[in-house]
Number of protein chains: 2
Amino acid sequence: MSEGTGGTRQRIQAVALELFTEQGYEKTSLREIAERLNVTKAALYYHFKSKDEIVTSFVDDRLRRMDELIAWAAEQPATLETRRALIGRYADAMFAGELPKVMRFFEQNQTVLKSLVAGQQMRDRMMRLAGELCRGDDSPAAQLRAALTLFAVHSSWFAVRAPDISDDERKKIALEVADELLAKIGS
Amino acid sequence: MSEGTGGTRQRIQAVALELFTEQGYEKTSLREIAERLNVTKAALYYHFKSKDEIVTSFVDDRLRRMDELIAWAAEQPATLETRRALIGRYADAMFAGELPKVMRFFEQNQTVLKSLVAGQQMRDRMMRLAGELCRGDDSPAAQLRAALTLFAVHSSWFAVRAPDISDDERKKIALEVADELLAKIGS
DNA sequence: GTCTATATACTGATAGAC
DNA sequence: GTCTATCAGTATATAGAC
């Protein structure tokens, strides 16, 4: 919408996301964000009415995409093909654009996010996504496999320690391991 | 060692661990801990010389156990049997006594722990443990499987949503899924 | 749209009495 | 071993000038 001088709002989001991820939401002060951008705290309050509204702002987009994904999955048959397609689409979203940064932020700030509305919503969507991944098989083992499938996509960023590996290769490996886990669901 | 009136030190540890896990390390103030125990902040400072020393105190025990586990693994042959035994021993430790609470605390406070010595040490041990789990196979997929194996043990606490399931059953399921992952390493 | 100035409250931590 | 009193620093947030 209104951008004014030059996307100050987006610059705030970018810096906040980076600092929240690096050192944690609580440990990052608005003063720190403002200093990094060479503006004052009060300037931040012009764009966002509170600290946690900054979080909400960059979470909303991701929330919307996950809702679309869940809705899509719900109207597919509960087959292995659907589960594979679902995790594939999820990985595509995870590795595309700015979303990986948002996910890293979530992984790193789980506890704080429990007391933030945006965090509760994300947790809810993750649970539902896991639910779709093991639809038709509500055994405990299936639930665990579904959760680990999502972890596989997330953790490929840090669990795989190889200096010269591309994002595409990381995604490929994550999906390979995810597929193994999914194959054991509902059989 | 010296216990004085009645294990005040242990009571502080217990309450701190609970609050740190529930609402996060940064968000939990010493005032809050003191109030819960009906003592003053200054009383806390008698037992621990800083806030992060409280963390250190209940992490040290766990650190020692992980070192033993890593040392044991290092002198075994790099076979599937060793990997299975290693994750089995790890799960036993995870599900025994007060240690699960400490692990939950770690999962929930990753970011903050990056700036705490105790946290860095724990991260280091987890990496080494994952390293032992995929010794002899340094492919990226193997690294990911090793990390997921540890996740399987950790996440069985919350990923499996079943009201009437015992800890033993959770452990059994975790190890079942872990074994599947381990079987694909080094083959 | 960004500023200065300020309000109010809480933080971790210390000194020293009892 | 626990207290009172207090420190200096920082937090989020607001009011109002420019």
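None of the values given here were measured: they were computed from a predicted structure. In the text below, chain A, chain B and the rest are named by the order of the sequence lines, each starting its count at 1.
- Within the 3.5 Å criterion, the main-chain N or O of Leu129(A) finds no donor-acceptor partner in the side chain of Glu132(A).
- The residues Lys171(B) and Asp92(B) are annotated as salt-bridged, a charged nitrogen and a carboxylate oxygen being separated by less than 4.0 angstrom.
- Ranked by how close their nearest DNA chain D nucleotide is to the 5' end, Glu32(A) and Ala42(B) are led by Ala42(B).
- A straight line from CZ of Phe48(B) to C1' of dT2(D) spans 15 Å, rounded to a whole angstrom.
- Going from atom NZ of Lys27(B) over to atom C1' of dC10(C) covers 14 Å, rounded to whole Å.
- Here dA11(D) presents its C1' atom at 12 Å from OH of Tyr25(A), a figure rounded to the nearest Å.
- Both Arg31(A) and Lys49(A) lie close to DNA chain D; mapped to their nearest nucleotides by heavy-atom distance, the more 5′-ward contact belongs to Arg31(A).
- Summarising the geometry, the separation between NE2 on His47(B) and C1' on dA13(C) is reported as 16 Å, rounded to the nearest angstrom.
- The main-chain N or O of Val160(A) is found under 3.5 Å from a side-chain atom of Arg170(A) such that the two form a donor-acceptor pair.
- When each of dT2(C), dA13(C), dC3(D) is scored by its nearest atom to the side-chain atoms of Tyr46(A), the top-ranked nucleotide is dT2(C).
- Going from atom CG of Leu30(A) over to atom P of dA13(D) covers 7 Å, rounded to whole Å.
- Not one side-chain nitrogen or oxygen of Ser29(B) sits closer than 4.0 Å to the OP1 or OP2 atom of dC10(C).
- Taking every side-chain heavy atom of Tyr45(B) into account, dG12(C) is the closest of dT14(D), dG12(C), dT10(D).
- When the side-chain nitrogen and oxygen atoms of Thr8(A) are compared with OP1 and OP2 of dT2(C), one or more of them lie within a distance under 4.0 Å.
- Using a 4.0 Å heavy-atom distance criterion, Thr40(A) is classed as a base contact.
- A residue-by-residue look at Lys51(B) and Ala43(A) shows that Ala43(A) has its nearest nucleotide of DNA chain C further toward the 5' end.
- One atom, CG of Leu44(B), and another, P of dG12(C), lie 10 Å apart when rounded to the nearest Å.
- Going from atom CD1 of Ile54(A) over to atom C1' of dT12(D) covers 11 Å, rounded to whole Å.
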Worksheet item: Would His154(A) and Tyr90(A) count as a ring pair (Phe, Tyr, Trp, His ring centres under 6.0 Å) if you check the C-alpha gap in whole Å, the side-chain angles of each, and the deciding distance to 0.1 Å?
Response: CA-CA 10 Å; His154(A) 295 171; Tyr90(A) 182 71; 5.6 Å; yes
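- With Asp124(A) as the partner, the side-chain hydrogen bond (donor to acceptor under 3.5 Å, both in side chains) test is satisfied by one option alone out of Gln120(A), Arg128(A), Gln121(A): Arg128(A).
- For Ser50(B), no side-chain nitrogen or oxygen approaches OP1 or OP2 of dG12(C) to under 4.0 Å.
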